[in-house]
Amino acid sequence: MSQLQRIAIAPSQFQQGQILLTKEQQHYLGRVLRLREGDRFIAMDGKGKWWLAQLAGEQAQVLEALLVETELPVSITLMVALPKGNGFDEVVRCCTELGVTCIAPVLSDRTLLHPSLQKLERWRRIAAEAAEQSERSFVPTILEPVTFNTGLSFANSQQYICVARGEFPHLKDCLQHKGQRTNDIGQERIVIATGPEGGWTTQEIENAIAFGFQPVSLGRRILRAVTAPVVALSLITAACEV
């Protein structure tokens, strides 16, 4: 199945054993991917379901459901202080590939970017494309940006805030994953926060600690705001993948 082309569909497009293709999808399959009537491809709804499908004009016939196990055994919410420019595009793309479940952009005291609704739509589109490329079963949820203090309410049993300077334990030494896969991806949850250019303010770190976040280090070097989320996700993936 790995050599077949893949496209993302909306769950509502799957009806009675068929997939109703949009004009854009028809164009993509026919003109871009050069698929012809009767050719097979993989459709995925971003909610965990994959199907082997066969092109049939303006729709596709579902041949069989596919079992795909590409998700991490933990649910990871990444709180990211929005970096300047278009840096968040790459954060969304890379962290989706690494297996993040939810990305929560936050506005910190040092945040320079105040995104528009169009930016949010762009990030969700990037997440869908990255999930398709990396053969994810699920497309990560991209939440609307909120202030950092509001975002702290996402706190869960395991929550960490990455701090660039200070004597804090390394994230890899703090992860409490048991090293076993469960059937419920939401059973074990991790929330991790990475800061803006210039880092979190002292008050922000104190607020996070008050909400139960554990300050952690990602190493002795100072990472860029767009690098830290990728490093954090990589460490979690390495510790939790089984």
Side-chain angles (χ1 to χ4, degrees), residues 46-47 72 74-131 136 138-166 168 171 174 185-186 188-216 218 223-236:
K47 304 292 184 182
L72 291 170
V74 293
S75 172
I76 306 170
T77 294
L78 175 66
M79 291 176 56
V80 189
L82 283 167
K84 60 186 177 182
N86 292 322
F88 197 66
D89 291 10
E90 196 60 24
V91 171
V92 171
R93 182 175 292 106
C94 291
C95 291
T96 295
E97 292 179 21
L98 286 166
V100 74
T101 309
C102 175
I103 299 179
V106 295
L107 306 173
S108 71
D109 290 343
R110 291 173 176 158
T111 295
L112 301 175
L113 177 70
H114 293 272
S116 63
L117 183 61
Q118 287 73 24
K119 282 276 190 181
L120 180 60
E121 293 171 352
R122 173 179 170 81
W123 296 332
R124 287 172 173 166
R125 186 169 62 253
I126 290 172
E129 292 170 354
R136 293 275 311 265
F138 292 86
V139 176
T141 301
I142 313 293
L143 301 178
E144 293 187 16
V146 296
T147 64
F148 178 61
N149 285 338
T150 300
L152 290 175
S153 62
F154 298 137
N156 212 287
S157 57
Q158 284 194 68
Q159 56 246 9
Y160 308 98
I161 181 169
C162 300
V163 182
R165 293 178 174 85
F168 299 110
L171 174 61
C174 299
I185 192 172
E188 190 170 353
R189 299 176 185 273
I190 296 174
V191 179
I192 184 133
T194 61
E197 290 88 354
W200 302 110
T201 64
T202 301
Q203 186 62 56
E204 287 173 331
I205 296 171
E206 290 176 355
N207 289 347
I209 293 173
F211 271 87
F213 278 73
Q214 177 179 349
V216 294
L218 294 178
L223 303 178
R224 295 169 61 228
V226 295
T227 306
V230 178
V231 172
L233 259 292
S234 299
L235 289 167
I236 296 172

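If you're wondering where the values come from, they're calculated on a predicted model, not measured in any experiment. Quick note: residue numbers are just sequence positions, from 1. Heavy atoms only: backbone and side chains are in, while hydrogens, waters and symmetry mates are out.
- A heavy-atom distance below 4.5 Å is found between the side chains of Glu197 and Lys84.
- By the side-chain hydrogen bond (donor to acceptor under 3.5 Å, both in side chains) test, Glu90 pairs with Arg93, sequence neighbours left out.
- When all heavy atoms of Ile161 and Phe213 are compared, the closest pair comes out as N-CD2, 4.0 Å.
- Between the side chain of Arg110 and the backbone N or O of Pro196, no donor-acceptor pair lies under 3.5 Å.
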Carefully, step by step, assess Thr77 and Ile192 under the rule side chain to side chain contact (heavy atoms under 4.5 Å, CB included).
-> CA-CA 6 Å; Thr77 294; Ile192 184 133; over 6 Å; no
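- Note: Ser75 OG to Phe138 CZ = 10.0 Å, rounded to the nearest 0.5 Å.
- At least one donor-acceptor pair under 3.5 Å links the side chain of Thr96 to the backbone N or O of Val92.
- Using a 4.5 Å cut-off on side-chain heavy atoms (C-beta onward), Val163 and Ile205 make contact.
- Not one N or O on the side chain of Trp200 forms a donor-acceptor pair closer than 3.5 Å with the backbone of Ala208.
- Leu218 has its side chain within reach of Leu223: a pair of non-hydrogen atoms, C-beta onward, lies under 4.5 Å apart.
- Atoms CD and CD1, on Gln158 and Ile236 in that order, are 8.5 Å from each other to the nearest 0.5 Å.
- Panel note: side chain Arg124, backbone Leu143; no donor-acceptor pair is recorded below 3.5 Å.
- The two atoms that bring Ala131 and Val139 nearest to each other are CB-CG2, 3.9 Å, heavy atoms only.
- Residues Pro215 and Ile209 have side chains in contact (heavy-atom distance under 4.5 Å, counting atoms from C-beta outward).
- Under the 3.5 Å distance criterion, the side-chain polar atoms of Arg189 are left unmatched by any main-chain donor or acceptor of Ile76.
- A 4.5 Å side-chain heavy-atom check between Val191 and Met79 finds at least one atom pair inside the cut-off.
- Val230 approaches Leu98 most closely through the heavy-atom pair O-CD1, 3.7 Å.
- Residue Gln214 holds its CD atom at 10.5 Å from SG of Cys162, rounded to the nearest 0.5 Å.
- In this structure, Pro105 and Trp123 approach most closely via the heavy-atom pair CG-CZ3, 4.3 Å.
- For the pair Pro229 and Leu78, the tightest heavy-atom approach, listed with the atom from each and the gap, is CB-CD2, 3.9 Å.
- Between Ser108 and Thr201 the shortest side-chain heavy-atom distance does not fall below 4.5 Å.
- Nearest approach of Val146 to Gly151, heavy atoms of both residues: CG2-N, 3.9 Å.
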Test Phe88 against Ile103 for side chain to side chain contact (heavy atoms under 4.5 Å, CB included), laying out the working first.
-> CA-CA 11 Å; Phe88 197 66; Ile103 299 179; 3.6 Å; yes
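- Looking only at side-chain heavy atoms (C-beta outward), Arg125 and Ile142 stay at 4.5 Å or farther from each other.
- Between the side chain of Glu204 and the backbone N or O of Asp109 there is at least one donor-acceptor pair closer than 3.5 Å.
- Between the side chain of Tyr160 and the backbone N or O of Ala232 there is no donor-acceptor pair closer than 3.5 Å.
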